[in-house]
Amino acid sequence: MAGDTGDKDTGTAPEPSRRALLGWGGAGLALGAAAAGGAVAAVRSGGNTEQAADSGSAVPFHGAHQAGIATAVQDRLHFAAFDVTTKDRAELVSLLKEWTRAAERMTAGRTVGEGAYGGPAEAPPDDTGEALGLRPSRLTLTIGFGPSLFARDRFGLEDRRPEALVDLPKFPGDNLDSARSGGDLCVQACADDPQVAVHAIRNLARIGMGRTAIRWSQLGFGKTSSTTPGTQTPRNMMGFKDGTRNIAGTDEAALDEHVWAGRTDDAGWMAGGSYLVARRIRMHIETWDRAPLQEQEDIFGRDKGEGAPVGKAKERDEPFLKAMLPTAHVRLAHPDTNDGATILRRGYSFTDGTDGLGRLDAGLFFLAYQRDVRTGFIPVQRSLAASDALNEYIQHVGSAVFAVPPGVRDKDDWWGRALFS
Ligand code: HEM
């Protein structure tokens with residue numbers, strides 16, 4: 001982020017602030033360096049197709065869909081769920097407007113408001129400052145609205161709750177911690193630089209003070225999915241390639257069919273949006289690490305080196321499900337086993353210290369986007385919870401579901417306008 005002086009304009013950012021202009025000399029240098037490094041990649045509005053994006057570049061914030069869903073998956077995550085503490089609808093609306101303007105600036109590599117320094121000494125600066133000098137790092141900020149936001153006697157939204165935003169059923173094996181579940185709002189910050197993602201969540205939380213409070217948050221590293229089939233598939237904490245068969249960010253037909261809410265779906269205000277399921281899945285990696293290789297491969301139904309399905313040679317070969325054990329993860333998760341249910345996975349690995357029993361608190365922070373949770377995550381997870389051989393090594397410990405509204409169209413639009421108008 002070039003800071004007060006670094007207005008790396010993607011064509012959508014507001015005019016530089018007064019303080020930005022005072023320091024314009026530095027901006028020239030920053031922009032010059034960025035241009036030399038090809039920092040701002042040519043990206044389509046909505047940020048969906050920046051396959052070859054430079055890891056420092058900016059992803060456009062405005063578009064028909066929110067960025068951070070079909071966008072090529074960034075390296076790092078900071079996800080936060082918020083409780084709305086104000087009871088006042090107008091205060092919530094003004095918060096969402098303020099968040100939108102801040103998100104516009106941060107995703108373009110700019111500071112919040114008037115910046116991190118140079119203002120009146122008697123007032124705290126608008127921006128906390130730790131992203132000064134860092135590039136936009138493909139930061140995307142994606143907002144979601146949880147079921148509790150639509151509750152009766154809160155903000156008058158009870159008739160606006162989409163039917164597709166269901167409360168998830170309790171699945172066999174769930175061991176959910178309420179302190180790591182739910183939330184009125186969520187913001188998913190993805191970036192190639194962890195400091196840029198953390199800075200973004202911190203500054204939104206700061207703007208929200210008095211109106212929202214962080215309910216839980218999750219840091220993620222090592223993406224465990226891919227929306228860019230042309231690139232190397234990342235590996236999860238169990239050492240397997242993860243994200244091989246996923247919806248590609250460029251596959252408009254699949255996105256329209258399985259990810260984006262349609263105009264004729266039950267809630268009109270959600271058209272162009274999506275539904276997000278977040279699951280914190282603990283992995284018992286110490287036990288996994290003692291499992292023989294053959295057992296590990298049988299559990300997934302793919303080999304560990306290449307990632308090829310059972311009986312096939314190459315990662316991208318079409319899986320032959322009947323060649324796999326009936327309890328194999330891939331067989332059970334495949335659309336053919338679940339009435340065609342297809343989701344866009346976008347999860348990350350985590351390790352959060354120890355569990356106090358001498359083991360790492362590690363796992364997969366599973367994130368999946370879909371057009372309707374009832375025909376997406378739920379049927380797939382029902383199959384997995386019932387029979388997946390992987391269940392011996394994992395446990396779902398956190399859960400949340402959110403309606404992710406459509407994209408912010410331009411600088412007059414704001415997160416949630418269609419819902420609140
Ligand atoms: C810690 C938990 C999990 C691990 C380690 C894991 C790992 C994997 C791996 C290694 C693959 C094969 C490569 C690929 O196609 O991406 C895969 C596929 C898949 N997983 Fe998972 N997964 C986990 C949880 C889940 C959950 C909770 C769901 C959804 C409810 C899910 C849905 C899928 C789907 C849809 C596929 C692709 C199946 C296909 O079309 O072939 N996974 N997973």
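Owing to the predicted nature of the structure, the values given are computational and were not obtained by experimental measurement. All ligand and atom numbering here is 1-based and tracks the order in the structure.
Residue contact check: Met283 has heavy atoms under 4.0 Å from atoms 1 (C), 5 (C) of ligand 1. Heavy-atom proximity to Arg245, at under 4.0 Å, picks out these atoms of ligand 1: 14 (C), 15 (O), 16 (O), 37 (C), 39 (C), 40 (O), 41 (O). The contact set between ligand 1 and Val330, taken as ligand atoms under 4.0 Å from a residue heavy atom, comprises 12 (C), 41 (O).
If you look at His329 and ask which of its N, O or S atoms sits nearest atom 21 (Fe) of ligand 1, the answer is NE2.
Contact record, Leu360 with Arg282: O-NH2, 3.2 Å, taken as the closest heavy-atom pair. Across all non-hydrogen atoms, the minimal contact from Arg245 to Arg345 is O-NH2, 2.8 Å.
Under 4.0 Å is where a charged nitrogen must lie from a carboxylate oxygen, and between Asp167 and Arg161 at least one such pair does. Salt-bridge check for Arg105 with Asp127: failed, with every basic side-chain N at 4.0 Å or more from each acidic carboxylate O. Salt-bridge check for Asp336 with Lys322: failed, with every basic side-chain N at 4.0 Å or more from each acidic carboxylate O. Note on Asp242 versus Arg235: no salt bridge recorded, every NZ/NE/NH1/NH2 to OD/OE distance being 4.0 Å or above. We find that Asp412 and Arg417 are not joined by a salt bridge, their nearest charged nitrogen and carboxylate oxygen being 4.0 Å or further apart. Using a cut-off of 4.0 Å between Lys/Arg side-chain N and Asp/Glu carboxylate O, Arg359 and Asp355 are scored as salt-bridged. At a threshold of 4.0 Å, the pair Lys304-Glu297 does not count as salt-bridged, since none of the basic side-chain nitrogens sits closer than that to a carboxylate oxygen.
Scanning the protein for heavy atoms near atom 26 (C) of ligand 1, the closest one is Phe366 CE1, 3.4 Å. Of the protein's non-hydrogen atoms, the one nearest atom 16 (O) of ligand 1 is Gly243 N, 2.6 Å. In terms of protein heavy atoms, atom 27 (C) of ligand 1 is closest to Gln381 OE1, 3.4 Å.
Contact between Asn246 and ligand 1 is absent, with no heavy atom of the residue lying under 4.0 Å from the ligand. By the 4.0 Å heavy-atom criterion, Thr224 is excluded from the residues contacting ligand 1. Heavy-atom separations between Arg279 and ligand 1 are all 4.0 Å or longer. Residue His396 places a heavy atom less than 4.0 Å from ligand 1.
Closest to atom 4 (C) of ligand 1 by heavy atom, among Leu332, Leu390, Val380, is Leu390. The option with the heavy atom closest to atom 33 (C) of ligand 1, from among Ala328, Ala333, Ser225, Gly239, is Ala333.
Counting heavy atoms closer than 4.0 Å to ligand 1, residue Asp242 contributes atoms from both its backbone and its side chain. Contacts between Thr244 and ligand 1, counted as non-hydrogen atom pairs separated by less than 4.0 Å, involve both the backbone and the side chain. Contact annotation for Met237 and ligand 1: no heavy atom of the residue comes within less than 4.0 Å of the ligand.
Below 3.5 Å of separation, one finds an N or O of Arg345 facing an N or O of ligand 1. Polar contact check, Leu364 against ligand 1: no nitrogen or oxygen pair lies under 3.5 Å apart.
Under a cut-off of 6.0 angstrom, the local environment of CZ in Arg316 is crowded, with over 12 non-hydrogen atoms contributed by other residues, nucleotides or ligands.
Interatomic distance, CD of Gln296 versus CE of Met238, reported as 8.0 Å (0.5 Å rounding).
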